[in-house]
Structures are given as C-alpha cells and as structure tokens.
Amino acid sequence: MKYLAGLTAIAILAGSAAAYAAPPADAAAGAVVFKKCASCHSVDPSGKNGLGPNLRGVVNRKAGSFAGFNYSPAMKASGQVWNDKNLARFLAAPRQALPGTKMIFIGLPNPQDQANVIAYLKQNGAAKK
Ligand code: HEC
C-alpha cells in the first residue's frame, strides 16, 4: 500500500509539470466570478471602458490593444495574446504575472475560478480562432 501511495504521489507531481490543462469550465459559475471584475470591467457590446478596458471579445485578443483605453506601458509591451493559458496566469496574480500593470486586483488563486471566468469571457464575444 505504501508503495502504491508513493507511486500515486509521483504521478501527481509529474502531472503538475505537464502542459497547462484547464479544469472543466462552467460559464454560469464564471458569471458569478465576474462580479469581482465588474466594478472595473464590462463585456458590454457598446465597447465602453470603465476603470479597466472593455473585455468583450478579450479571449485571443492581443494584450493592451483595445482602442480607446489608456493601458500601462507594461501591458502594452507584454506582447502576449490572451489565450486560456495567459489569461489564467495573469488572473491568478496580476501584479506578479505582469509587474507594472495598473490592474489593482488581488487575483483569482483558484484554477476553477480562473477557468470559469474565462469560459464566461468566451461566451461574451470571443473572436473565433
Ligand atoms: C480595480 C479594478 C479592476 C478589477 C477589479 C479587475 N480589473 Fe482587469 N484590468 C484593470 C485595469 C486598470 C486594466 C489595465 C491594466 C494595464 O493597463 O496594465 C485591466 C486589464 C485586464 C485585462 C487585459 C485586457 C486587455 O485588453 O489587454 C484582462 C484580461 C482583465 N483585466 C481581466 C480581469 C478579470 C477577469 C477580472 C476579475 C476576475 C478583473 N480583470 C478585475 C482593472 C481591474
């Protein structure tokens, strides 16, 4: 038994080193998570910005590229595209993932919350790949 438990632990460790795999996502639960974002962000089709940029269609958009929003130099220079992996990494701990960002938000440490809110963002105007 002890031997088996050891093997399981090794398998789990090996798994965590593998490529990023998001947990199954629930967009409805993501809508609830998005309440934490809604004081600064909207997914409104009108494209209006708040304290943060409009997030309609943000999935697979280039970071710092929404017209009319005054991004931090760090965001504009980051050069990344908001795919699932980059979003999850940023949302987990924004100021650690992107030093210099002006998104003052503690983050979503729970991978399930990240996956759910990303699913919600996809439902709200994500560009087709
Ligand atoms: C206190 C306000 C605030 C909260 C709360 C907040 N954000 Fe932000 N967010 C910002 C600001 C400001 C920026 C622009 C950052 C920059 O330019 O460095 C931003 C940028 C972003 C970006 C990059 C957008 C782009 O066009 O490149 C994403 C994605 C994002 N936020 C998602 C979220 C999500 C999802 C949540 C909730 C889990 C959230 N934010 C919570 C203020 C906030």
Side-chain angles (χ1 to χ4, degrees):
M1 263 323 269
K2 238 189 177 157
Y3 174 63
L4 263 185
L7 272 186
T8 310
I10 289 166
I12 289 168
L13 283 176
S16 65
Y20 173 78
D26 176 348
V32 178
V33 177
F34 193 75
K35 289 184 176 161
K36 294 185 180 175
C37 325
S39 53
C40 299
H41 291 289
S42 138
V43 289
D44 196 296
S46 71
K48 74 168 194 255
N49 293 315
L51 251 173
N54 188 292
L55 292 182
R56 188 162 192 86
V58 75
V59 181
N60 294 324
R61 190 162 86 192
K62 191 169 180 287
S65 69
F66 193 76
F69 186 80
N70 186 21
Y71 291 96
S72 66
M75 183 64 82
K76 281 190 282 199
S78 82
Q80 62 190 321
V81 169
W82 289 127
N83 58 26
D84 290 28
K85 184 180 164 196
N86 290 339
L87 273 172
R89 198 173 139 262
F90 176 64
L91 293 177
R95 282 181 291 169
Q96 281 75 32
L98 190 65
T101 182
K102 58 181 192 183
M103 173 154 144
I104 307 303
F105 175 67
I106 185 79
L108 296 175
N110 183 338
Q112 190 65 64
D113 286 348
Q114 297 157 16
N116 290 348
V117 84
I118 292 167
Y120 174 77
L121 291 172
K122 283 181 181 164
Q123 262 192 356
N124 283 279
K128 299 234 171 8
K129 248 196 193 167

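Residue numbers count from 1 along this sequence. Remember, it's 1-based here, ligands and their atoms both numbered in the order they're listed. Because the structure is predicted, anything quoted here is derived from the model rather than measured.
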query = Can you list the ligand 1 atoms lying under 4.0 Å from a non-hydrogen atom of I104?
reply = 1 (C)
note = atom 22 (C) of ligand 1 sits nearest the protein heavy atom F90 CE2, 3.8 Å
ask   = For F66, does its backbone N or O pair with a side-chain atom of Y71 as donor and acceptor, under 3.5 Å?
value = yes
query = What protein heavy atom is closest to atom 26 (O) of ligand 1, reported as residue, atom name and distance in Å?
reply = Y71 OH, 2.6 Å
task = Record the part of K76 in heavy-atom contact with ligand 1 below 4.0 Å; permitted values are side chain, backbone, both and neither.
result = neither
note = For L108, the atoms of ligand 1 under 4.0 Å from one of its heavy atoms are 38 (C)
task = Answer yes or no: are there more than 12 heavy-atom neighbours, outside K48 itself, under 6.0 Å from its atom NZ?
result = no
ask   = Can you tell me which residue and heavy atom of the protein come closest to atom 16 (C) of ligand 1, and the distance to 0.1 Å?
value = S72 OG, 3.3 Å
query = Counting only heavy atoms, which portion of L91 has something under 4.0 Å from ligand 1: side chain, backbone, both, or neither?
reply = side chain
inquiry  = Need the ligand 1 atom indices (1-based, order shown) with element for anything under 4.0 Å from a heavy-atom of L51.
reply    = 12 (C)
ask   = Near F69, which atoms of ligand 1 are under 4.0 Å from a heavy atom of that residue?
value = 14 (C)
key: Atoms in ligand 1 flagged as close to T101, the criterion being non-hydrogen separation under 4.0 Å   = 15 (C), 16 (C), 18 (O)
query = Is there a heavy atom in A74 that sits closer than 4.0 Å to ligand 1?
reply = no
task = Run through the protein N/O/S atoms less than 2.8 Å from atom 8 (Fe) of ligand 1 and write them out by chain and number.
result = H41 NE2, M103 SD
message = Taking 4.0 angstrom as the limit and counting only heavy atoms of K36, give me the atoms of ligand 1 inside it, by number and element.
response = 5 (C)
query = Atom CG in L121, atom CG in L55: separation rounded to 0.5 Å?
reply = 6.0 Å
query = Taking atom NZ of K36 as the centre, does the number of heavy atoms from other residues, nucleotides or ligands within less than 6.0 Å exceed 12?
reply = no
message = For atom 29 (C) of ligand 1, what's the nearest protein heavy-atom neighbour? Residue, atom name and distance, please.
response = L87 CD2, 3.5 Å
